[in-house]
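Proteins get letters first, then strands, A, B, ... in listed order; numbering begins at 1 in each. Heavy atoms only: backbone and side chains are in, while hydrogens, waters and symmetry mates are out. As the structure is a prediction and not an experimental result, all values here were calculated from the model.
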Amino acid sequence: MPELPEVENVVRSVAAHLAGRRIISTRFTSRFVTPGNRAKLTQRLAGRRIESVRRRGKFILIALDQGTLTVHLGMTGKLLLEKALTPGQAGEHTHGVFHLDDGMLLYHDPRQFGRIEFSEGAPPRVARLGPEPLEISFEEFRARLRRKARIKALLLNQTFLAGLGNIYADESLFAAGIHPLTIASKLTDTRAKKLYDAIQGILTQAIQLGGSSISDYVNAQGERGWFQMEHRVYGREGEPCANCGRPIGKILVAQRGTHYCAACQKK
DNA sequence: ATCGGTACCTGCACGC
DNA sequence: TGCGTGCAGGTACCGA
(Lines give C-alpha, C1' and ligand atoms only; values in the text may rest on other atoms or scores of the structure.)
Protein backbone atom coordinates (compact mmCIF):
# COMPACT_ATOMS: atom_id res chain seq x y z
CA MET A 1 0.00 0.00 0.00
CA PRO A 2 2.30 2.69 1.12
CA GLU A 3 4.21 4.39 -1.66
CA LEU A 4 5.36 8.00 -1.62
CA PRO A 5 1.89 9.64 -1.62
CA GLU A 6 0.60 7.40 1.16
CA VAL A 7 3.69 7.85 3.31
CA GLU A 8 3.54 11.61 2.74
CA ASN A 9 -0.04 11.61 3.99
CA VAL A 10 0.84 9.51 7.00
CA VAL A 11 3.58 12.01 7.87
CA ARG A 12 1.24 14.99 7.40
CA SER A 13 -1.43 13.36 9.54
CA VAL A 14 0.97 12.63 12.36
CA ALA A 15 3.58 15.39 12.37
CA ALA A 16 1.71 18.10 14.28
CA HIS A 17 0.58 15.62 16.93
CA LEU A 18 4.01 14.16 17.51
CA ALA A 19 6.26 17.21 17.39
CA GLY A 20 7.23 18.17 20.93
CA ARG A 21 5.82 15.00 22.48
CA ARG A 22 7.88 12.94 24.87
CA ILE A 23 8.03 9.15 24.66
CA ILE A 24 7.14 7.68 28.05
CA SER A 25 7.49 4.03 27.12
CA THR A 26 7.27 1.67 24.16
CA ARG A 27 6.50 -1.97 23.55
CA PHE A 28 7.53 -4.03 20.52
CA THR A 29 6.43 -7.59 19.86
CA SER A 30 7.74 -8.61 16.42
CA ARG A 31 11.23 -9.93 15.75
CA PHE A 32 10.69 -9.00 12.09
CA VAL A 33 9.46 -5.42 12.44
CA THR A 34 11.99 -4.66 15.16
CA PRO A 35 15.00 -6.87 14.41
CA GLY A 36 17.76 -7.09 16.97
CA ASN A 37 17.56 -6.32 20.66
CA ARG A 38 14.04 -5.07 21.39
CA ALA A 39 14.70 -4.47 25.07
CA LYS A 40 17.58 -2.19 24.10
CA LEU A 41 15.38 -0.33 21.62
CA THR A 42 12.75 0.21 24.30
CA GLN A 43 15.43 1.46 26.66
CA ARG A 44 16.85 3.93 24.15
CA LEU A 45 13.45 5.41 23.32
CA ALA A 46 12.24 5.92 26.88
CA GLY A 47 12.25 9.60 27.80
CA ARG A 48 13.17 10.84 24.32
CA ARG A 49 11.57 13.98 22.97
CA ILE A 50 10.23 13.99 19.38
CA GLU A 51 11.63 16.98 17.50
CA SER A 52 10.11 16.49 14.05
CA VAL A 53 8.62 13.98 11.61
CA ARG A 54 9.43 13.96 7.92
CA ARG A 55 9.44 11.70 4.86
CA ARG A 56 12.34 10.52 2.68
CA GLY A 57 11.28 8.17 -0.11
CA LYS A 58 8.95 5.69 1.61
CA PHE A 59 10.68 6.13 4.97
CA ILE A 60 9.27 8.05 7.91
CA LEU A 61 12.04 9.79 9.82
CA ILE A 62 11.26 10.73 13.40
CA ALA A 63 13.99 13.00 14.72
CA LEU A 64 14.50 12.65 18.48
CA ASP A 65 16.49 14.82 20.88
CA GLN A 66 18.98 11.94 20.73
CA GLY A 67 19.05 9.85 17.56
CA THR A 68 16.51 9.07 14.87
CA LEU A 69 13.65 6.60 14.72
CA THR A 70 13.11 5.29 11.19
CA VAL A 71 9.80 3.69 10.25
CA HIS A 72 9.13 1.87 6.99
CA LEU A 73 5.58 0.63 6.46
CA GLY A 74 6.45 -2.26 4.14
CA MET A 75 3.34 -3.56 2.37
CA THR A 76 0.76 -3.46 5.14
CA GLY A 77 2.15 -1.20 7.87
CA LYS A 78 0.06 1.54 9.46
CA LEU A 79 0.80 4.22 12.03
CA LEU A 80 -2.29 5.07 14.01
CA LEU A 81 -2.80 7.83 16.53
CA GLU A 82 -4.82 6.93 19.58
CA LYS A 83 -5.92 10.00 21.47
CA ALA A 84 -6.92 7.85 24.42
CA LEU A 85 -4.55 8.36 27.33
CA THR A 86 -5.03 4.84 28.60
CA PRO A 87 -3.28 1.96 26.82
CA GLY A 88 -5.83 0.24 24.64
CA GLN A 89 -6.01 -3.44 24.03
CA ALA A 90 -3.39 -4.13 21.37
CA GLY A 91 -4.77 -5.97 18.38
CA GLU A 92 -3.34 -9.18 17.00
CA HIS A 93 -1.22 -7.32 14.46
CA THR A 94 -0.14 -4.41 16.63
CA HIS A 95 3.62 -4.80 16.80
CA GLY A 96 4.56 -1.41 18.20
CA VAL A 97 3.05 0.73 20.95
CA PHE A 98 4.38 4.20 21.73
CA HIS A 99 3.03 5.60 24.99
CA LEU A 100 3.49 9.38 24.79
CA ASP A 101 3.05 12.19 27.29
CA ASP A 102 -0.12 13.02 25.34
CA GLY A 103 -1.80 10.04 23.75
CA MET A 104 -0.55 6.93 22.09
CA LEU A 105 0.84 5.89 18.73
CA LEU A 106 0.34 2.36 17.41
CA TYR A 107 2.17 0.45 14.69
CA HIS A 108 0.01 -2.15 12.97
CA ASP A 109 1.37 -4.53 10.33
CA PRO A 110 -0.17 -7.94 9.46
CA ARG A 111 2.59 -9.03 7.04
CA GLN A 112 5.42 -7.60 9.13
CA PHE A 113 7.40 -6.41 6.12
CA GLY A 114 7.72 -3.00 7.78
CA ARG A 115 10.62 -1.98 10.02
CA ILE A 116 11.07 0.24 13.05
CA GLU A 117 14.73 1.04 13.68
CA PHE A 118 16.72 3.40 15.86
CA SER A 119 20.01 4.96 14.80
CA GLU A 120 22.34 7.44 16.43
CA GLY A 121 23.14 9.28 13.21
CA ALA A 122 21.74 9.11 9.69
CA PRO A 123 19.92 5.81 9.18
CA PRO A 124 21.95 3.60 6.81
CA ARG A 125 19.00 2.36 4.76
CA VAL A 126 18.01 5.93 3.98
CA ALA A 127 21.51 6.88 2.87
CA ARG A 128 21.26 4.55 -0.15
CA LEU A 129 18.10 6.15 -1.53
CA GLY A 130 18.03 7.89 -4.89
CA PRO A 131 16.68 11.43 -5.40
CA GLU A 132 13.17 12.52 -4.48
CA PRO A 133 10.99 12.32 -7.62
CA LEU A 134 9.34 15.66 -6.85
CA GLU A 135 12.69 17.42 -6.40
CA ILE A 136 14.89 15.97 -9.12
CA SER A 137 15.55 18.12 -12.21
CA PHE A 138 14.73 16.78 -15.65
CA GLU A 139 18.41 16.88 -16.59
CA GLU A 140 19.39 14.60 -13.72
CA PHE A 141 16.41 12.33 -14.32
CA ARG A 142 17.44 12.03 -17.98
CA ALA A 143 21.02 11.21 -17.04
CA ARG A 144 19.97 8.50 -14.58
CA LEU A 145 17.93 6.75 -17.30
CA ARG A 146 21.11 5.68 -19.10
CA ARG A 147 20.85 2.07 -18.00
CA LYS A 148 19.88 -1.15 -19.71
CA ALA A 149 17.23 -2.19 -17.19
CA ARG A 150 13.58 -2.36 -18.16
CA ILE A 151 11.95 0.93 -17.27
CA LYS A 152 9.35 -0.59 -14.93
CA ALA A 153 12.06 -2.33 -12.90
CA LEU A 154 14.08 0.87 -12.78
CA LEU A 155 11.12 2.89 -11.49
CA LEU A 156 10.72 0.38 -8.66
CA ASN A 157 14.42 0.62 -7.79
CA GLN A 158 14.68 2.95 -4.78
CA THR A 159 18.29 3.84 -5.58
CA PHE A 160 17.10 5.22 -8.94
CA LEU A 161 14.26 7.33 -7.50
CA ALA A 162 12.97 7.13 -3.94
CA GLY A 163 9.26 6.65 -3.42
CA LEU A 164 7.67 5.08 -6.49
CA GLY A 165 6.05 1.68 -6.00
CA ASN A 166 3.99 -0.69 -8.11
CA ILE A 167 0.88 1.50 -8.41
CA TYR A 168 2.55 4.77 -9.33
CA ALA A 169 5.11 3.11 -11.62
CA ASP A 170 2.28 1.56 -13.68
CA GLU A 171 0.21 4.74 -13.68
CA SER A 172 3.17 6.91 -14.67
CA LEU A 173 4.16 4.63 -17.56
CA PHE A 174 0.58 4.61 -18.85
CA ALA A 175 0.32 8.39 -18.63
CA ALA A 176 3.59 8.70 -20.55
CA GLY A 177 2.61 6.09 -23.17
CA ILE A 178 5.68 3.98 -22.43
CA HIS A 179 5.65 0.17 -22.44
CA PRO A 180 6.89 -1.22 -19.09
CA LEU A 181 9.46 -3.49 -20.82
CA THR A 182 11.13 -0.60 -22.63
CA ILE A 183 14.89 -0.49 -22.04
CA ALA A 184 15.48 2.71 -20.10
CA SER A 185 18.49 3.85 -22.11
CA LYS A 186 16.49 3.63 -25.34
CA LEU A 187 14.00 6.32 -24.33
CA THR A 188 14.21 9.45 -26.46
CA ASP A 189 14.45 12.89 -24.84
CA THR A 190 10.81 13.54 -25.68
CA ARG A 191 9.61 10.31 -24.10
CA ALA A 192 11.84 10.78 -21.07
CA LYS A 193 10.30 14.21 -20.56
CA LYS A 194 6.81 12.73 -20.84
CA LEU A 195 7.70 10.22 -18.15
CA TYR A 196 9.24 12.85 -15.91
CA ASP A 197 6.13 15.02 -16.20
CA ALA A 198 3.84 12.02 -15.68
CA ILE A 199 5.61 10.98 -12.48
CA GLN A 200 5.48 14.46 -11.00
CA GLY A 201 1.88 15.09 -12.04
CA ILE A 202 0.60 11.77 -10.74
CA LEU A 203 2.48 11.90 -7.43
CA THR A 204 1.33 15.48 -6.83
CA GLN A 205 -2.30 14.65 -7.53
CA ALA A 206 -2.12 11.46 -5.48
CA ILE A 207 -0.74 13.35 -2.49
CA GLN A 208 -3.54 15.91 -2.81
CA LEU A 209 -6.17 13.14 -2.88
CA GLY A 210 -4.77 11.48 0.23
CA GLY A 211 -3.09 8.56 -1.57
CA SER A 212 -4.64 5.33 -2.86
CA SER A 213 -6.82 3.17 -0.59
CA ILE A 214 -6.98 0.02 -2.69
CA SER A 215 -7.31 -2.30 0.25
CA ASP A 216 -7.28 -0.78 3.67
CA TYR A 217 -4.82 2.10 3.58
CA VAL A 218 -5.60 4.92 5.99
CA ASN A 219 -3.47 7.76 7.35
CA ALA A 220 -2.64 8.06 11.05
CA GLN A 221 -6.06 9.62 11.72
CA GLY A 222 -7.84 6.71 10.06
CA GLU A 223 -8.77 8.66 6.92
CA ARG A 224 -8.86 6.97 3.50
CA GLY A 225 -7.32 8.25 0.28
CA TRP A 226 -9.16 8.69 -3.01
CA PHE A 227 -6.54 8.45 -5.75
CA GLN A 228 -7.63 4.87 -6.50
CA MET A 229 -10.54 6.51 -8.34
CA GLU A 230 -7.97 7.99 -10.72
CA HIS A 231 -6.13 4.74 -11.46
CA ARG A 232 -6.13 4.13 -15.23
CA VAL A 233 -4.38 0.74 -15.36
CA TYR A 234 -3.48 -0.49 -11.87
CA GLY A 235 -6.01 -3.11 -10.79
CA ARG A 236 -7.93 -2.72 -14.07
CA GLU A 237 -6.89 -5.84 -15.96
CA GLY A 238 -9.48 -6.62 -18.63
CA GLU A 239 -11.26 -3.28 -18.33
CA PRO A 240 -11.32 -0.97 -21.36
CA CYS A 241 -8.42 1.45 -21.68
CA ALA A 242 -9.50 5.04 -20.98
CA ASN A 243 -7.67 6.10 -24.15
CA CYS A 244 -8.44 3.48 -26.78
CA GLY A 245 -11.00 1.11 -25.28
CA ARG A 246 -8.90 -2.00 -25.70
CA PRO A 247 -8.62 -4.23 -22.62
CA ILE A 248 -5.92 -3.43 -20.09
CA GLY A 249 -3.31 -6.18 -19.97
CA LYS A 250 -1.24 -7.59 -17.13
CA ILE A 251 2.25 -9.08 -17.29
CA LEU A 252 4.98 -9.91 -14.81
CA VAL A 253 7.95 -7.53 -14.68
CA ALA A 254 10.57 -7.78 -11.95
CA GLN A 255 8.24 -10.29 -10.26
CA ARG A 256 5.56 -7.64 -9.92
CA GLY A 257 2.13 -7.58 -11.54
CA THR A 258 2.34 -4.89 -14.22
CA HIS A 259 -0.76 -3.29 -15.72
CA TYR A 260 -0.62 -1.54 -19.09
CA CYS A 261 -2.32 -0.93 -22.41
CA ALA A 262 -0.52 -2.72 -25.24
CA ALA A 263 -1.99 -0.30 -27.77
CA CYS A 264 -1.20 2.98 -26.01
CA GLN A 265 2.16 2.06 -24.48
CA LYS A 266 4.98 1.46 -26.96
CA LYS A 267 8.51 0.20 -26.51
C1' DA B 1 28.44 -2.47 -11.29
C1' DT B 2 23.96 -4.24 -12.79
C1' DC B 3 20.37 -7.17 -13.31
C1' DG B 4 16.94 -10.69 -12.26
C1' DG B 5 15.20 -14.21 -9.27
C1' DT B 6 14.14 -15.64 -4.53
C1' DA B 7 12.95 -15.14 0.28
C1' DC B 8 10.72 -12.95 4.09
C1' DC B 9 5.12 -13.11 6.48
C1' DT B 10 0.06 -13.10 6.68
C1' DG B 11 -4.55 -12.79 4.66
C1' DC B 12 -7.68 -13.39 1.09
C1' DA B 13 -9.88 -14.71 -3.33
C1' DC B 14 -10.52 -18.36 -6.21
C1' DG B 15 -11.14 -23.04 -8.15
C1' DC B 16 -12.02 -27.78 -7.29
C1' DT C 1 -17.49 -26.74 3.63
C1' DG C 2 -12.69 -27.24 3.21
C1' DC C 3 -8.24 -27.17 1.17
C1' DG C 4 -4.50 -25.99 -1.98
C1' DT C 5 -2.72 -22.32 -4.92
C1' DG C 6 -1.50 -17.85 -6.25
C1' DC C 7 -1.32 -13.17 -5.39
C1' DA C 8 -0.90 -8.64 -2.66
C1' DG C 9 1.13 -1.48 -1.59
C1' DG C 10 8.22 -3.66 -0.40
C1' DT C 11 13.07 -4.61 0.13
C1' DA C 12 17.45 -7.46 1.15
C1' DC C 13 20.26 -10.68 -0.59
C1' DC C 14 22.35 -13.95 -3.74
C1' DG C 15 24.44 -15.57 -7.92
C1' DA C 16 25.26 -14.65 -12.78
Side-chain angles (χ1 to χ4, degrees), chain A residues 1-11 28-36 55-60 70-79 91-96 107-117 123-130 133 143-173 180-186 202-203 206-207 209-220 224-231 233-238 250-259:
Chain A
M1 147 202 13
E3 304 179 29
L4 187 153
E6 290 75 34
V7 178
E8 178 65 26
N9 274 281
V10 169
V11 166
F28 303 106
T29 52
S30 167
R31 64 190 174 96
F32 303 105
V33 172
T34 42
R55 178 192 62 75
R56 173 78 173 94
K58 299 174 193 170
F59 288 85
I60 299 165
T70 304
V71 178
H72 194 292
L73 301 174
M75 292 275 251
T76 53
K78 289 181 196 171
L79 276 183
E92 184 189 355
H93 297 301
T94 300
H95 299 296
Y107 180 77
H108 187 268
D109 188 357
R111 288 181 73 180
Q112 296 168 257
F113 281 172
R115 296 290 180 269
I116 299 174
E117 291 163 318
R125 301 177 71 198
V126 173
R128 294 181 231 130
L129 294 176
R144 296 177 75 87
L145 282 174
R146 306 217 175 279
R147 297 171 60 161
K148 72 166 185 185
R150 298 165 297 185
I151 187 62
K152 165 73 185 270
L154 201 52
L155 292 181
L156 293 176
N157 183 340
Q158 301 298 295
T159 68
F160 170 73
L161 279 186
L164 286 178
N166 210 32
I167 295 175
Y168 298 104
D170 282 2
E171 293 299 323
S172 297
L173 288 171
L181 292 176
T182 307
I183 301 302
S185 59
K186 295 192 174 174
I202 283 169
L203 290 180
I207 290 171
L209 291 181
S212 300
S213 289
I214 60 171
S215 172
D216 60 351
Y217 162 74
V218 289
N219 68 18
R224 295 169 55 81
W226 298 100
F227 190 74
Q228 66 278 8
M229 310 294 291
E230 305 297 322
H231 293 178
V233 287
Y234 185 86
R236 296 193 180 281
E237 181 187 12
K250 186 177 179 186
I251 57 175
L252 206 59
V253 183
Q255 313 305 117
R256 310 297 301 279
T258 297
H259 316 73

Colleague: Please list, chain by chain and in numerical order, all residues satisfying side chain to side chain contact (heavy atoms under 4.5 Å, CB included) with H259(A), sequence neighbours excluded.
Modeller: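 Once residues adjacent in sequence are excluded, the partners of H259(A) under the side chain to side chain contact (heavy atoms under 4.5 Å, CB included) criterion are D170(A), V233(A), Y234(A), I248(A), K250(A).
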
Colleague: With distance as the sole test, does R236(A) use its side chain to make a donor-acceptor pair with the main-chain N or O of H231(A) at under 3.5 Å?
Modeller: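 A pair under 3.5 Å: yes.
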
Colleague: For the pair made of CG in D170(A) and P in dA8(C), what is the distance, rounded to whole Å?
Modeller: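 After rounding, the gap between these two atoms is 10 Å.
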
Colleague: Nearest-Å distance, OH (Y234(A)) to P (dC7(C))?
Modeller: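 Interatomic distance, OH of Y234(A) to P of dC7(C): 13 Å.
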
Colleague: Which atoms form the tightest heavy-atom contact between G114(A) and D109(A), and what is the distance?
Modeller: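 That would be N-OD2, 3.0 Å.
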
Colleague: Between C1' on dG4(B) and CG on L252(A), what's the gap in Å once rounded to a whole number?
Modeller: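 It is 11 Å, rounded to the nearest whole Å.
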
Colleague: Counting only side-chain heavy atoms from C-beta out, which of dC7(C), dG11(B), dG10(C) sits nearest to H93(A)?
Modeller: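 Side chain of H93(A) sits closest to dG11(B).
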
Colleague: Counting only Watson-Crick pairs (N1-N3 plus N6-O4 or O6-N4) and G-U wobbles (N1-O2, O6-N3), all under 3.5 Å, who is the partner of dC9(B)?
Modeller: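 Partner of dC9(B): none.
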
Colleague: With a 4.0 Å limit, can you tell me whether K250(A) has a side-chain N or O closer than that to the phosphate oxygens OP1/OP2 of dC7(C)?
Modeller: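 Result: no.
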
Colleague: Answer with base, sugar-phosphate or nothing: what part of the nucleic acid does R125(A) contact at a heavy-atom distance below 4.0 Å?
Modeller: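 Touches sugar-phosphate only.
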
Colleague: So which nucleotide from dG11(B), dC9(B), dG10(C) ends up closest to the side chain of E92(A)?
Modeller: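 The nucleotide sitting nearest to the side chain is dG11(B).
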
Colleague: What is the distance from CG of L181(A) to P of dG4(B), rounded to the nearest Å?
Modeller: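 So the two atoms are 10 Å apart, to the nearest Å.
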
Colleague: Does dT11(C) have OP1 or OP2 under 4.0 Å away from a side-chain N or O of R128(A)?
Modeller: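 No, because none of the side-chain N or O atoms of R128(A) sits under 4.0 Å from OP1 or OP2 of dT11(C).
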
Colleague: I'd like the P distance from dC9(B) over to dC3(C), given in whole Å.
Modeller: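 About 23 Å, rounded to a whole number of Å.
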
Colleague: F113(A) on top of dC8(B)'s base, within under 5.5 Å and under 30°?
Modeller: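 Yes; centroid distance and tilt both under limits.
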
Colleague: Quick check on contacts: within residues 143-154 of chain A, what sits under 4.0 Å from DNA chain B by heavy-atom distance?
Modeller: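 Result for residues 143-154 of chain A: R147(A), K148(A), A149(A), R150(A), sorted by number.
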
Colleague: Measure the distance from NE2 on H72(A) to C1' on dC8(B) and round it to the nearest whole Å.
Modeller: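 After rounding, the reported distance stands at 14 Å.
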
Colleague: Which atoms form the tightest heavy-atom contact between R128(A) and T159(A), and what is the distance?
Modeller: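 Nearest pair, atom of R128(A) first, then T159(A): O-CG2, 3.4 Å.
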
Colleague: Using every non-hydrogen atom in the two residues, find where Y168(A) and S212(A) come nearest and quote the distance to one decimal.
Modeller: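 Minimum heavy-atom separation between Y168(A) and S212(A): OH-OG, 2.7 Å.
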
Colleague: Looking at G235(A), is its backbone amide N or carbonyl O close enough to the side chain of E237(A) to form a donor-acceptor pair, meaning the two atoms are under 3.5 Å apart?
Modeller: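 Looks like no, no N/O pair under 3.5 Å.
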
Colleague: Under 4.0 angstrom, heavy atoms only, what part of the nucleic acid is Q255(A) near: base, sugar-phosphate, or nothing?
Modeller: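 Counting heavy atoms under 4.0 Å across all strands, the contact made by Q255(A) includes a base.
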
Colleague: How long is the line joining CE of M75(A) and C1' of dC7(C), in whole Å?
Modeller: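 M75(A) atom CE is separated from dC7(C) atom C1' by 9 Å.
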
Colleague: Please report, rounded to the nearest Å, how far the P atom of dG11(B) is from the NZ atom of K78(A).
Modeller: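 Distance check: K78(A) NZ to dG11(B) P gives 13 Å.
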
Colleague: Counting only N and O atoms by type, is there a donor-acceptor contact under 3.5 Å from the side chain of S30(A) to the main-chain atoms of T34(A)?
Modeller: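 No; zero donor-acceptor contacts below 3.5 Å.
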
Colleague: Expressed as a whole number of angstroms, how long is the span from R111(A):CZ to dC8(B):C1'?
Modeller: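 Spelled out: CZ on R111(A) to C1' on dC8(B) is 9 Å.
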
Colleague: For salt bridge (charged side-chain N to carboxylate O under 4.0 Å, His left out), just list the numbers for K78(A) and D216(A), CA-CA rounded to whole Å, side-chain angles, deciding distance to a tenth of an Å, and then say yes or no.
Modeller: CA-CA 10 Å; K78(A) 289 181 196 171; D216(A) 60 351; 3.7 Å; yes

Colleague: dC8(B), OP1 or OP2 - any side-chain N/O from Q112(A) closer than 4.0 Å?
Modeller: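 False: Q112(A) side-chain N/O out of range (4.0 Å or more) of dC8(B) OP1/OP2.
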
